[in-house]
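Below is one structure; the comments refer to it alone.
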Protein chains: 2
Amino acid sequence: MNIGDVARLSGLPAKTIRYYEDIGLVAPLRSTNGYRSFRERDLHKLAFLGRARSLGFTIEDCRGLLELYEDSSRASADVKKIAREHLERIDAKVEELLAMRKTLSHLVHECAGDNRPNCPILDDLASCSHAAPKKGKRVGG
Amino acid sequence: MNIGDVARLSGLPAKTIRYYEDIGLVAPLRSTNGYRSFRERDLHKLAFLGRARSLGFTIEDCRGLLELYEDSSRASADVKKIAREHLERIDAKVEELLAMRKTLSHLVHECAGDNRPNCPILDDLASCSHAAPKKGKRVGG
DNA sequence: CCTTGACCTTCCAGTTAGGGGAACCCTTAT
DNA sequence: ATAAGGGTTCCCCTAACTGGAAGGTCAAGG
């Protein structure tokens, strides 16, 4: 199979598949003309990666999961650990977003949204009463 | 004030403040020795930016908000529009994360997490029954 | 006067997970 | 011969910074 075929079958863009080869997640063969030649096994890996990515696992998580997937003597505890940590990251992010959401929706409701300049949103942003946001990784970007 | 002072007062890292100058969000003066020299007004702007960023506004949002903040003839509708759109982005992201969370927490509960290889998490990732994730910006990264 | 240390400067590279596009090769059909 | 529709490599771009190197400035201490 050429890259276009696996792209269609896996649902991943060809660019992404090349990238995954670049970083060592898949290792397709090469035809004599230089084209990548994918086996069933490569296709399965790519589908696995696509599914894992769609659940929000990072590439490094995927690398670990793929390794465990291919290791028939794995311990399910190792898989579960990766998943649980990811779940915790998701929960943390949701918490963070909901905190933002709460403040924002309050401000949006307060704002008249007309052609006058008076604006509670700007008032809030400009007010000096917020705790200095010092340490802690900025996740919201 | 030197950059260290405004960093302490605003809670923003000096690196970030230099970056904000780079991209034209603040324009401190320069002392004869080449050091940046911040006025009260610059400090206020930086505090404003820090607060807006902590609410998850993008840098471009911040640029717009700052412009409106400094325009006394603004319409609050313009501010509200930026905030409302941001709120919608947050809601979309929360939805996405909760969908992931739902699947993941289910899988984590199903997995024994012991030293045996059998693992429902890997089974799910490897199953071919998932809709091909084609278009739509990947937000989870 | 010299040094130490804390500050400041600029510039370069790296981060995530690819996307866009150029320049070029391979194959098949017209 | 050429056009279309694959494929290839290569490099730059994204957001919003962070880290680090190499070096200038300033106040204090010996």
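Chain letters run A, B, ... following the sequence lines, proteins first, then strands; residues in each count from 1.
Checked by atom type, the side-chain pair His44(B)/Arg41(B) shows no donor-acceptor distance below 3.5 Å.
Phosphate contact (OP1/OP2 of dA16(D), side-chain N/O of Tyr20(B), threshold under 4.0 Å): absent.
Under the side-chain contact (heavy atoms from CB on, under 4.5 Å) rule, Cys119(A) has a single partner from Leu68(B), Leu65(B), Val79(B), which is Val79(B). Results of the salt bridge (Lys or Arg N to Asp or Glu O under 4.0 Å) test with Lys45(B) over Glu70(B), Glu40(B), Glu21(B) single out Glu70(B) as the only residue that passes.
For the helix from dC1(C)-dG30(D) to dT30(C)-dA1(D), the end axes, each set by the C1' atoms of five terminal pairs, are bent relative to each other by 40° (nearest 10°).
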* Asked: Just by protein heavy atoms under 4.0 Å, how would nucleotides 3-10 of chain D read 5' to 3' in B, S and -?
  -> ---BSBBB

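Leu98(B) has its side chain out of reach of Lys102(B): every pair of non-hydrogen atoms, C-beta onward, lies at least 4.5 Å apart.
Residues satisfying the ring-ring contact (aromatic ring centres under 6.0 Å, His included) test with Tyr35(A), not counting sequence neighbours, are none.
Taking a cutoff of 4.0 Å between a charged side-chain nitrogen and a carboxylate oxygen, Arg63(B) and Glu67(B) do not qualify as a salt bridge.
Arg39(B) contributes no side-chain N or O that, together with a main-chain N or O of Leu43(B), makes up a donor-acceptor pair within less than 3.5 Å. Judged by distance alone, with hydrogens and angles left aside, the side-chain atoms of Arg51(A) form no donor-acceptor pair with the main-chain N or O of Ala126(B) at under 3.5 Å.
Comparing Thr32(B) and Glu60(B), the nucleotide of DNA chain D nearest to each residue sits closer to the 5' end for Glu60(B).
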